[in-house]
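Reviewing the structure listed below.
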Amino acid sequence: QVQLVESGGGLVQTGGSLRLSCAASGRTFSSHAMGWFRQAPGKEREFVAAINYSGGSTYYADSVKGRFTISRDNAKNTVYLQMNSLKPEDTTVYYCAPCWLPSGGSSWLPFGSWGQGTQVTVSS
């Protein structure tokens with residue numbers, strides 16, 4: 001089972017940047033697509049970005065396309081989320097997780113365990 005530790009969150013002004021990291025333990029990290037998700041209090045979990053097992057394909061929610069970039073380093077068992085041009089509506093807790101894309105679906109779904117998340121706050 002993969003264990004996950006997210007880091008890199010913080011407080012930035014509108015238009016600023018942050019780079020989130022997700023360090024995974026376990027030998028199966030490179031076998032799974034990985035995704036970033038976010039969830040605000042009282043709201044449903046939202047897909048942000050996903051990357052396939054090799055890093056050759058990436059997928060984004062429309063709300064972050066062109067601003068966020070997901071990447072991975074399988075040698076380091078780490079997945080990253082570079083967030084540029086941040087907006088106040090990006091404020092929430094971000095989580096990474098292994099994920100999969102249902103047949104015919106457009107939004108990736110997480111599975112397995114979650115980390116503690118990392119808080120991102122964008123001030124206006």
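Residues: numbered from 1 along the sequence shown.
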Taking T14 for the side chain and K87 for the main chain, is one N or O donor matched with an acceptor at less than 3.5 Å? no

Parallel, tilted or perpendicular: rings of H32 and F111 (30°, 60°): perpendicular

Over 12 non-hydrogen atoms of neighbours within 6.0 angstrom of CD in Q116: yes

Taking T91 for its side chain and V122 for its backbone only, find out whether a donor-acceptor pair lies under 3.5 Å. yes

Reported CZ-to-CG distance for the pair R67 and L86, which is rounded to 0.5 angstrom: 6.5 Å

Any donor and acceptor pair, going by atom type alone, linking the side chain of T92 with main-chain N or O of A40 inside 3.5 Å? yes

Least distance between heavy atoms, W108 atom then L101 atom: CE3-N, 3.6 Å

State whether the side chain of E6 and the backbone N or O of L20 hold a donor-acceptor pair below 3.5 Å, judged by distance alone. no

Regarding K65 and D62, does a basic nitrogen lie under 4.0 Å from an acidic carboxylate oxygen? yes

Examine distances only and state if a side-chain atom of N74 and a backbone atom of Y53 form a donor-acceptor pair shorter than 3.5 Å. yes

Please report the shortest heavy-atom distance between R72 and F29, naming the atom on each side. NH2-O, 2.9 Å

Would E89 and S63 count as a side-chain contact (heavy atoms from CB on, under 4.5 Å) here? Give the steps. CA-CA 10 Å; E89 51 263 44; S63 59; over 6 Å; no

Derivation and outcome, side-chain contact (heavy atoms from CB on, under 4.5 Å), residues Y94 and M83: CA-CA 11 Å; Y94 286 71; M83 305 188 297; 4.0 Å; yes

Stepwise side-chain contact (heavy atoms from CB on, under 4.5 Å) test for R38 and D90: CA-CA 9 Å; R38 60 190 184 187; D90 295 318; 3.0 Å; yes

Atom OH of Y60 with >12 non-hydrogen neighbours under 6.0 angstrom: yes

When rounded to the nearest 0.5 Å, the distance separating CD1 of I70 from SG of C96 is 9.0 Å

Taking the side chain as every heavy atom from C-beta outward, state whether Y95 and L4 have any atom pair closer than 4.5 Å. no

Grab the two heavy atoms, one from S113 and one from A97, that are nearest each other, plus how far apart they are. O-CB, 4.4 Å

Out of curiosity, T69 OG1 to Y80 OH, how far, rounded to the nearest 0.5 Å? 14.0 Å

Do L81 and F47 belong to the same hydrophobic cluster, where Ile, Leu, Val, Met, Phe, Trp and Tyr are linked whenever their side-chain heavy atoms lie under 4.5 Å apart, directly or via other members? no

Minimum heavy-atom separation for S17 to S85, with atom names? OG-N, 4.4 Å

What are the two closest heavy atoms between C99 and A50, and how far apart are they? SG-CB, 4.0 Å

Distance, nearest 0.5 Å, that separates CE of M34 from CG of N77: 9.0 Å

Mind listing the closest non-hydrogen atom pair of F68 and V48 along with its distance? CD2-CG1, 3.7 Å

Between CZ of R45 and OG of S107, what distance do you get to the nearest 0.5 Å? 9.0 Å

Parallel under 30°, tilted from 30 to 60°, perpendicular over 60°: which one fits the rings of W114 and F37? perpendicular

